[in-house]
Undergrad: 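A single structure is presented below for examination.
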Amino acid sequence: MSQSQQQMSHVELDGDDLPAFCPNPSMPIWSSHPRVFIDLGNQGEGKCPYCGTVYRLKPGAVHHGH
């Protein structure tokens, strides 16, 4: 995940980035909160309960059950 993805309204993830968690590696250490795993559900989208960052699977990404 790049810094430009963080500045977007959402963070796009590929199948290799799963399981999704927040804070993600591109977030600055000063804005950290406890690590939480994000459930992307059937829609391929989830939101962090702490900071509100939205995580989405990229179109065409393969989502395997974890």
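The figures here come from the full heavy-atom set of this structure, side chains too, leaving out hydrogens, waters and symmetry mates. Nothing fancy with the numbering, it's 1 onward along the sequence.
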Undergrad: In Å, rounded to the nearest 0.5 Å, how long is the span from CG of L57 to CG of L18?
TA: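 Between atom CG of L57 and atom CG of L18 there are 5.5 Å.
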Undergrad: Apply side chain to side chain contact (heavy atoms under 4.5 Å, CB included) to D39 and list each qualifying residue two or more places apart in sequence or on a separate chain.
TA: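 Side chain to side chain contact (heavy atoms under 4.5 Å, CB included) check on D39 returns nothing, list empty.
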Undergrad: Counting N and O atoms only, with roles assigned by atom type, does the side chain of D14 sit under 3.5 Å from a partner on the main chain of D16, one being a donor and the other an acceptor?
TA: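 Between the backbone of D16 and the side chain of D14 there is no qualifying donor-acceptor contact (under 3.5 Å).
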Undergrad: Which heavy-atom pair separates R35 from P23 by the least distance, and what is that distance?
TA: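 In terms of heavy atoms, the two residues are closest at CA-CD, 4.0 Å.
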Undergrad: Tell me the salt bridge (Lys or Arg N to Asp or Glu O under 4.0 Å) pairs involving residues 43-53, sequence neighbours left out?
TA: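 Found E45-R56.
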Undergrad: Could you check whether any side-chain heavy atom of Y50 comes within less than 4.5 Å of a side-chain heavy atom of P34, counting everything from C-beta outward?
TA: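 SC-SC contact between Y50 and P34 confirmed.
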Undergrad: Of all the heavy-atom pairs spanning V36 and P49, show the shortest one and how long it is.
TA: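 Where V36 meets P49 most closely, the heavy atoms are CG2-CD, 4.1 Å.
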Undergrad: Specify the closest pair of heavy atoms between A20 and L13, including all atoms of both residues, with the distance to one decimal.
TA: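 What the structure gives for the nearest pair is CB-CD1, 3.4 Å.
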Undergrad: Any side-chain heavy atom of M27 sitting closer than 4.5 Å to one from S32?
TA: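 No. Closest side-chain heavy atoms not under 4.5 Å.
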Undergrad: I'd like to know if the side chain of Y55 pairs up with that of D17 as donor and acceptor (distance under 3.5 Å, no hydrogens or angles considered).
TA: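 Side chains of Y55 and D17: no pair found under 3.5 Å.
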